[in-house]
Novice: 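So that we are looking at the same thing, I have put the structure below in structure tokens.
No experiment lies behind these values; they were computed from the predicted model shown. We name chains A, B, ... by the order of the sequence lines, and we start the count at 1 in each one.
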Number of protein chains: 2
Amino acid sequence: MHDRPPTLADVALRAGVSYATADRVVNGRGGVSDKTVRRVHAAVSALGYVRNVAAANLSQQRVYRFVAVLPEGSNAFFARMRDLFEVAAARMAADRVTLAVETVAAFDSDVLRARLDLLAGQGVDGIALVGSDDSSTVEVIATLRSKGIPVVTLVSDVPGSERAAYVGIDNVIAGGTVGRLMMLAHGGRSGRILPVVGALSARDHADRLQGLREVIGGDITLASVIEGRDRHDLVETHVAEALSADPSITAIYSAGAGNAGLIRVVEALPATTPRPIVILHELVAHSRRALEAGLIDIVIDQRPEEEVARVIDGLRQLADRREPVMTAVIVPTIYVRENLPPEHQHTNTGHPAR
Amino acid sequence: MHDRPPTLADVALRAGVSYATADRVVNGRGGVSDKTVRRVHAAVSALGYVRNVAAANLSQQRVYRFVAVLPEGSNAFFARMRDLFEVAAARMAADRVTLAVETVAAFDSDVLRARLDLLAGQGVDGIALVGSDDSSTVEVIATLRSKGIPVVTLVSDVPGSERAAYVGIDNVIAGGTVGRLMMLAHGGRSGRILPVVGALSARDHADRLQGLREVIGGDITLASVIEGRDRHDLVETHVAEALSADPSITAIYSAGAGNAGLIRVVEALPATTPRPIVILHELVAHSRRALEAGLIDIVIDQRPEEEVARVIDGLRQLADRREPVMTAVIVPTIYVRENLPPEHQHTNTGHPAR
DNA sequence: TTGTAGGCGTTATCAA
DNA sequence: TTGATAACGCCTACAA
């Protein structure tokens, strides 16, 4: 009735071999005769043996050491992500897995490279990093992989690289989603969307814009793109100018950061005319408040909570060399005022501590 | 540099007591003098000792036995959920946790009770079940809890009960979200929403309607509610009637199941007039296809994948008597045509196998 | 090519 | 009130 799961000892017994031989077969260590191999395999499937990962790790004193490398700086989104990693790290101590969160200067691939080389020498079992497009990053990932250290790209992929997996959204899909919502919100009427990005050269922003273009149609047009460099001051002035220059604008889509500036513009708009429809990315403190205040309509979010969970799960699987289950890309989630998740406790300010 | 995490032996050594004594203190087994207790606690925090769960479970030959009880029948949503549980169960074999998925006749609390009583006698470590409102269920949960078996309610809560946690969406929030989207889609114009539910007596459906009511305003009104008993044939005829009887209807919100019927009605609508805005619940085969075909606008989904993950994680934590982290309710997710997740492999048909 | 045995960190039993 | 120690299932060094 209450039979415990079979152990390797059970398998060995049934196959009529020693424990060590059964182990050699099961773990493919070689040096076993064909006849024996078959006997052991038969016993394994007859008994339904499944290796006990916990016991295995215990015997090896296996400690998982993972590192997440995030861009440093004052970005609210990555501050949130850092929080999430740290909370997760605390929860995992009892499972003998450590997760260190590091920050490197954003967009400086030399610094990143140096840091990763260092980590490679220190017995790290897996690394998660926010990808960037340059070839230098591709190389580092290849180097790490050759040393047996799997790399998972996070938020932004490094397509040509040997990363084991990408955890993040598809930005074309995200932009397309925004497009659909814009269509819906215009309800067949004509309209003009003002697109705001950090820079058109940024891959993710460009992808989002492309997704938007693919979906909008009918009487909806695009105004010329504003590049706000993800800085709220620049976003503020440029958007304010664009709105006063072109009264036909009915909607704003901000594909990048610096949205505090955009929100200030909307807030300052005269109450006489209906404000434009506003959709932007990432649920952070200021976008949440704007949504609650009715200043903006929709926030499209890449769910950092889910991303963090997947990164950790994925790294663990890779370190265990289990079948990599690694499910598909993250689905961008749509927040309106009514389905906001409960507010979390904020720890990292996003500003460098020192 | 590469120091392994401290073990209880390290703690004992530092506290100047035997291993067994340190164990007694750490696990609160009593029978230790105050002085000693303090010494051990001091050592624990000095060294930063964290109990190694894997080793503990190994020594106890701990095998987690969880059971998920789902309503049987031809509901596509629960078929999907069953799939998800089964996939998760397979993945967990190596971690010595078994998860059996059972189905009981929907809405028959006597059958449910009998099944649960049986399980209680069989050494189950935790149960997930889809709640229903009746007092009988409240009692069973209390009984299980008194036997030390934690219960997690899933999809539908049992508020007055002693369930350890609820994993599911807040249906008022879900309805409110729909309300907001309806407002957005009408863009200030007037409109009339046709609400479709399974039954007004169903708690979740009623909650969704309430959420909707709380948000809509302006020139948006509600037509009288259709009760379709979650049957696609009834939904089909009633919705068709309502639409032809009231041409002022601009939108349909289906808070329940039986949406295949609703979709057929929309499909058959004359192409002369713009079709109504349609929002419904749960991403399943037919709602996905309708979204892709442009027959409906939005699907609001409770993310069964995430629910299953949380149930398992929660049950495990409860069984381990760790701090129950159990995060808040699931946030209903909004799908449009563009952000559909990749289609999954379908296993359970939703129809009883025999 | 095959077998033996000690150790991983914890629990629990038996002694002192 | 305290201490010693045999499991638990697996890995691995060593022996045959």
Novice: Please report the distance, rounded to the nearest Å, between CG in A:Leu13 and C1' in C:dG3.
Specialist: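 Whole-Å distance recorded here is 14 Å.
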Novice: Whether A:Ser59 contacts D:dT12 is assessed here as follows: a side-chain N or O lying under 4.0 Å from the phosphate OP1 or OP2. Is that the case?
Specialist: no
Novice: How close do A:Arg65 and A:Gln122 get, heavy atom to heavy atom, and via which atoms?
Specialist: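 Taking A:Arg65 first and A:Gln122 second, the nearest heavy atoms are NH1-O, 3.3 Å.
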Novice: Nearest to the A:Ser18 side chain among D:dG9, D:dT2, C:dT2, which nucleotide is it?
Specialist: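 For the A:Ser18 side chain, the nearest candidate turns out to be C:dT2.
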Novice: Would the distance check show the side chain of B:Thr143 and the main-chain N or O of B:Glu139 forming a donor-acceptor pair, the cut-off being under 3.5 Å?
Specialist: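 Checked: pair present.
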Novice: Picking from B:Val155, B:Leu154, B:Val104, what satisfies side chain to side chain contact (heavy atoms under 4.5 Å, CB included) with B:Leu70?
Specialist: B:Leu154
Novice: Nearest to the side chain of A:Asn27, which nucleotide is it out of D:dC11, C:dT10, C:dT4?
Specialist: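 Among the listed nucleotides, the one closest to the side chain of A:Asn27 is D:dC11.
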Novice: Looking at D:dC11, D:dG3, D:dG9, which one has an atom nearest to any side-chain atom of B:Arg24?
Specialist: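 Looking only at heavy atoms from C-beta outward on B:Arg24, the closest nucleotide is D:dG3.
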Novice: Which nucleotide in the list D:dT12, D:dT1, D:dT5 gets nearest to the side chain of B:Tyr19?
Specialist: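 Side chain of B:Tyr19 sits closest to D:dT5.
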Novice: Nearest whole Å is fine: how far is D:dT12 P from A:Arg62 CZ?
Specialist: 11 Å
Novice: Heavy-atom nearest nucleotide on DNA chain D for B:Thr21 versus B:Arg96: which residue maps closer to 5'?
Specialist: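 Nearest nucleotide further toward 5': that of B:Thr21.
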Novice: Between the side chains of A:Ser18 and A:Thr21, is a donor N or O closer than 3.5 angstrom to an acceptor N or O?
Specialist: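 Per modelled atom types, A:Ser18 and A:Thr21 side chains form a pair under 3.5 Å.
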Novice: Evaluate side chain to side chain contact (heavy atoms under 4.5 Å, CB included) for B:His41 paired with B:Val26, printing each intermediate quantity in order.
Specialist: CA-CA 8 Å; B:His41 278 145; B:Val26 166; over 6 Å; no
Novice: Please tell me which of B:Gly16 and A:Ala20 maps to the more 5' nucleotide of DNA chain D, matching each residue to the nucleotide holding its nearest heavy atom.
Specialist: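 Whichever sits nearer the 5' end wins; that is B:Gly16.
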Novice: Whole Å only: how far is the CG atom of A:Asp34 from the P atom of C:dT2?
Specialist: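 The answer, rounded to whole Å, is 10 Å.
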Novice: Compare side-chain N and O positions of A:Gln60 against OP1 and OP2 of D:dT12 and report whether any pair is under 4.0 Å apart.
Specialist: yes
Novice: Looking at the side chain of B:Gln61, which of D:dC8, C:dT2, D:dC11 is the nearest nucleotide?
Specialist: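 Given the options D:dC8, C:dT2, D:dC11, the side chain of B:Gln61 is closest to D:dC8.
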Novice: Where the side chain of A:Val32 is defined as all heavy atoms beyond and including C-beta, which of C:dG9, D:dC10, C:dT2 is the nearest nucleotide?
Specialist: C:dT2
Novice: Ignoring the backbone of A:Asp23, work out which of D:dC8, C:dA12, D:dC11 is nearest its side chain.
Specialist: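 Looking only at side-chain atoms, A:Asp23 lies closest to D:dC11.
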Novice: Please determine whether a side-chain nitrogen or oxygen atom of A:Thr36 lies at a distance below 4.0 Å from atom OP1 or OP2 of C:dT1.
Specialist: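 For C:dT1, neither OP1 nor OP2 has a side-chain N or O of A:Thr36 closer than 4.0 Å.
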Novice: Base, sugar-phosphate alone, or nothing: which one does A:Leu8 contact when heavy atoms must sit under 4.0 Å apart?
Specialist: sugar-phosphate
Novice: With a non-hydrogen cut-off below 4.0 angstrom, is B:Asn52 in contact with a base, only sugar-phosphate, or nothing?
Specialist: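 Answer is sugar-phosphate: B:Asn52 comes under 4.0 Å of backbone atoms only.
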Novice: Just to confirm, is there a sub-4.0 Å distance from OP1 or OP2 of D:dT2 to any side-chain nitrogen or oxygen of B:Ser33?
Specialist: yes
Novice: Judged by each residue's nearest nucleotide on DNA chain C, which is more toward the 5′ side, B:Arg29 or B:Leu58?
Specialist: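 Closest to the 5' end, via its nearest nucleotide, is B:Leu58.
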